[in-house]
2 protein chains.
Amino acid sequence: MTHSDPQPVFRALADPTRRAIISMLAHGARPIGDIADGFDVTRPAIAKHLRILEEGGVITVEAKGRERINRLNPEVLKTAADWLSYFDQFWDDRLAKLKEAVENKND
Amino acid sequence: MTHSDPQPVFRALADPTRRAIISMLAHGARPIGDIADGFDVTRPAIAKHLRILEEGGVITVEAKGRERINRLNPEVLKTAADWLSYFDQFWDDRLAKLKEAVENKND
DNA sequence: TTTATATGAAACCTTATGGTATTATGTCAA
DNA sequence: TTGACATAATACCATAAGGTTTCATATAAA
């Protein structure tokens with residue numbers, strides 16, 4: 001319904017390292033150092049990914065002392081999911097029927 | 001369940017022109033020329049996008065005389081949708097409840 | 001107040017990306 | 001068979017992406 005531009009989100013999702021970071025942050029907010037420890041690449045590389053995630057609104061960064069806490073902002077991912085949801089009809093009849101059933105019963 | 005690598009699909013989805021091509025092909029298969037007519041960029045540019053879509057399995061190309069019909073393969077998009085579906089829990093409680101209700105009643 | 005720690009920032013490199021213009025090839029139609 | 005048409009292929013270009021190393025800065029702890 002909000003129909004906002006999915007481009008920054010799809011851009012953020014395009015890299016496997018960024019998707020892994022997103023998955024990691026789904027389990028809790030973390031500073032850069034902790035994130036970088038989980039990957040082969042250097043911390044500056046992770047910092048660049050975090051910047052792109054932040055630009056896309058996928059994460060927010062909160063300064064806390066000398067640390068900077070990176071927190072997932074999962075609602076933004078809905079922008080991409082919404083774009084893809086149009087194609088539900090092509091692969092999942094059951095979901096369409098389910099949605100229909102619910103719309104008739106509840107709302 | 002299939003759990004295949006979403007990388008080629010997310011790559012295909014990363015460009016706005018490619019997403020527009022996907023949307024266009026959702027309404028029916030078309031040859032390159034027809035597709036290119038709908039965009040500002042040149043045909044070789046569209047051809048490159050189609051190549052990336054084909055590499056990602058998002059479209060299939062069928063030679064038909066001197067034309068080459070580009071056909072959407074929408075099931076592949078499910079790979080990306082599945083990856084994103086993990087985050088449903090963060091933004092949509094209703095869907096979770098719905099799923100639960102269905103699992104209790106049907107299967 | 002040193003010293004260690006967490007991060008930012010700059011400079012640089014290689015390859016991918018998205019685009020162009022031009023030329024070649026295969027197929028249909030007159 | 002010749003001409004028109006649909007597309008492929010090639011060469012080229014500018015910028016973005018993803019990575020590195022090195023250096024600077026701010027905060028916490030000794």
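Any value given below was found using the heavy atoms of this structure, including those in side chains, with hydrogens, waters and symmetry copies removed.
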With B:A45, which residues qualify under side-chain contact (heavy atoms from CB on, under 4.5 Å), at least two apart? B:V41, B:T42
Let's see if you get this right: which residues in residues 32-44 of chain A place a heavy atom under 4.0 Å from DNA chain D? A:V41, A:T42, A:P44
side-chain contact (heavy atoms from CB on, under 4.5 Å) with B:A12: which residues, sequence neighbours excluded? B:L53, B:V58
With a 4.0 Å heavy-atom cut-off, tell me which residues in residues 7-17 of chain B come close to DNA chain D, sorted by residue number. none
Does anything in residues 6-33 of chain B form a ring pair (Phe, Tyr, Trp, His ring centres under 6.0 Å)? List the pairs, not counting sequence neighbours. B:F10-B:W83
Along DNA chain C, first and last positions that approach a heavy atom of chain A under 4.0 Å: C:dA4 to C:dA9
Quick check for you: to the nearest 0.5 Å, what is the distance between B:I59 atom CD1 and B:H49 atom NE2? 12.0 Å
In Å, rounded to the nearest 0.5 Å, how long is the span from CG of B:N70 to CG of B:L25? 6.5 Å
In residues 56-72 of chain A, what residues come within less than 4.0 Å of DNA chain C, judged by heavy atoms? A:R66, A:E67, A:R68
Salt bridge (charged side-chain N to carboxylate O under 4.0 Å, His left out) contacts touching residues 46-58 of chain B (sequence neighbours left out): B:R11-B:E55
For the atom pair CG (B:L77) and OG (A:S85), what is the distance rounded to the nearest 0.5 Å? 11.5 Å
Rounded to the nearest 0.5 Å, how far does NZ of A:K78 lie from CG of A:N73? 13.5 Å
Mind jotting down which residue pairs meet the salt bridge (charged side-chain N to carboxylate O under 4.0 Å, His left out) criterion with at least one end in residues 15-27 of chain B? Sequence neighbours excluded, please. none
Can you pull out every salt bridge (charged side-chain N to carboxylate O under 4.0 Å, His left out) where at least one residue sits in residues 62-72 of chain A? Sequence neighbours excluded, please. A:E62-A:R71
To the nearest 0.5 Å, how far apart are CD in A:Q7 and CG in B:L13? 10.5 Å
If you look only at pairs with a residue in residues 26-40 of chain B, which of them pass as a salt bridge (charged side-chain N to carboxylate O under 4.0 Å, His left out), with sequence neighbours excluded? none
